[in-house]
Amino acid sequence: MASKSDELVFLPLGGSNEIGMNFNLYGFGPPHDRRWIVVDLGVTFGDQTTPGVEVILPDPAFIAEYADKILGIVLTHAHEDHLGAVAWLWPRLKAPVYATPFTAFLLREKLREADLLDQVEIHEVPLGGEIDLGPFHLELITLTHSIPEPNGLAIKTPLGTVLHTGDWKIDPEPLLGAVTDQDAIRKLGDEGVLAMVCDSTNVFVEGVAGSEAQVRDALVPLIGQMTRKVAVACFASNVARMDSVARAAEANGRRVCLVGRSMHRMAAAARSVGLMQGLQPFLTEQEANALPESGVLYLCTGSQGEPRAALARIADGAHPHVSLGAGDACIFSSRVIPGNEIPIRNLQNGLADRGVRLYTERDHPGIHVSGHPCRDELAEMYRWARPQIAVPTHGERRHLLEHLAFARDLQVPQQVAPRNGDMVRLAPGRAEIVDEVPSGRLYVDGGVLTPENGEALRERRHAAHNGMVAVSIVLDKRGRVIVGPEIRALGLPTEDDDELDEVLDELADAAEKALARLSGGDRDLDDTVETAISRAVKKASQRIWGRRPVVETTVLRV
Ligand SMILES: [Zn+2]
Ligand SMILES: [Zn+2]
């Protein structure tokens, strides 16, 4: 029973301005005393704008304040954008974690690496299982996606039921795992769905995403045409795809060799839940080398051009055991994730340069299908669930707004598209944004969690663009120069050594003059001297190069 002051709220802290780092909160209770559940806790990845930062997390500061009110962290599936942040942020949230067996297997591995396995209470929930968390009663609904065990959540509360879809599509032949449990969704619809919080990734794409079975059907004849070595790149987490590639290889008399750590990790996770059975054992890289070229298929990580992944090393000729050359084939059973265009292009150019023939989704449309719902599938889901409120998530702003318009066209009575940090009251009354809480991103920078655009990264970015000048000077106690100023310029161009000497002299001159301008008393203060010199050297650099490098001045006293 709900009391009069109870409210049901939805609060995305990630995943609602961008694709990635899904971090959703549901709150129940009076505004001053809510109980919370967390649905998913994922990461996103850095790019050229975040040098040295590979992993980006949602900022949990708001909910960490209420950590004792979090009843549980529920993971819908094992993709990094849904579970990758658990090992980083769990110490700030400290709630029990709920996941189905495949997801739990991968989570345990991550927690073991982070030395947290003993501390985190993990509840393994069967597919189609239920979870009771205070006012929240959750039922897992089996969906289809591009990883084993994707779950939607029916979140039942005294103020109504929310269908939180997680990532999904409607795959009539997912190959591994069950088909979408549409009966369960229809039944929820019959009982009444207050709100559906739904995947927006492919809202701009007409039709349907297509089935894993189609991919298998396309791969068998394609691989059959090949006479030399074949490499296939796909996401390791797409176990159905790995399985299809392996079966397509065997159908053509080829043995499979997994290349890349995450391929092995996912294969182990898949076997732990009884998937990928009835295949010949995978070969080691050395065993594969002993076979004729027409007898082997390499299943590789690195379809997104990740620089340290297997395929990038093969393209560089830097892989210790696997090489591809003239006449060999590389099939990209994957799509280009927005943002990865440049590394993928570099990777493909590298392979092409070796004479490797490339097969991509663009020229061979059957070799990849998306894991997210296109417009026909979204419409179907709305027909099944019939929610009162549509809440788009898992997309950039343009996806969410398009999804909102789509739901309006489907006659969903209310639609609301919160940004990260917008708290939506779903009940009672009309759905509306009632509060805005702090949200943002944290960077994993050299193993340290830092605020987005923190000092270290700002400085690194600045140095990357503008170079760096280091000034050292030795003064006596009264501020008279004993040695220096010594100048070193890093990442700043000069035509030749003579010009370099001239430039360094000019900078040293600027430093000396800045020191000379200081009064006797100011020269006693290291900070004042450092600031004055740095400022003058920056100015001189501006004159010389037209840019302002990072300037670091060190004063030593003798
Ligand atoms: Zn996702
Ligand atoms: Zn996913």
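Counting starts at 1 for both ligands and their atoms, in listed order.
Inclusion of H394 in the first shell of the Zn ion (ligand 1) is supported: an N, O or S atom falls under 2.8 Å.
Aromatic ring centres of F332 and H368 lie farther apart than the 6.0 Å criterion allows. Aromatic pair H82/H394: ring centres closer than 6.0 Å. If you look at Y26 and H164, their ring centroids are closer than 6.0 Å.
Of all N, O or S atoms in D81, the one lying closest to the Zn ion (ligand 1) is OD2.
An angle of 160° is found at the Zn ion (ligand 2) between D167 atom OD2 and H79 atom ND1, rounded to 10°. Vertex the Zn ion (ligand 2); arms to H145 NE2 and H77 NE2; angle rounded to 10 degrees, 110°.
Between L297 atom CG and I331 atom CD1 the span is 7.0 Å, to the nearest 0.5 Å.
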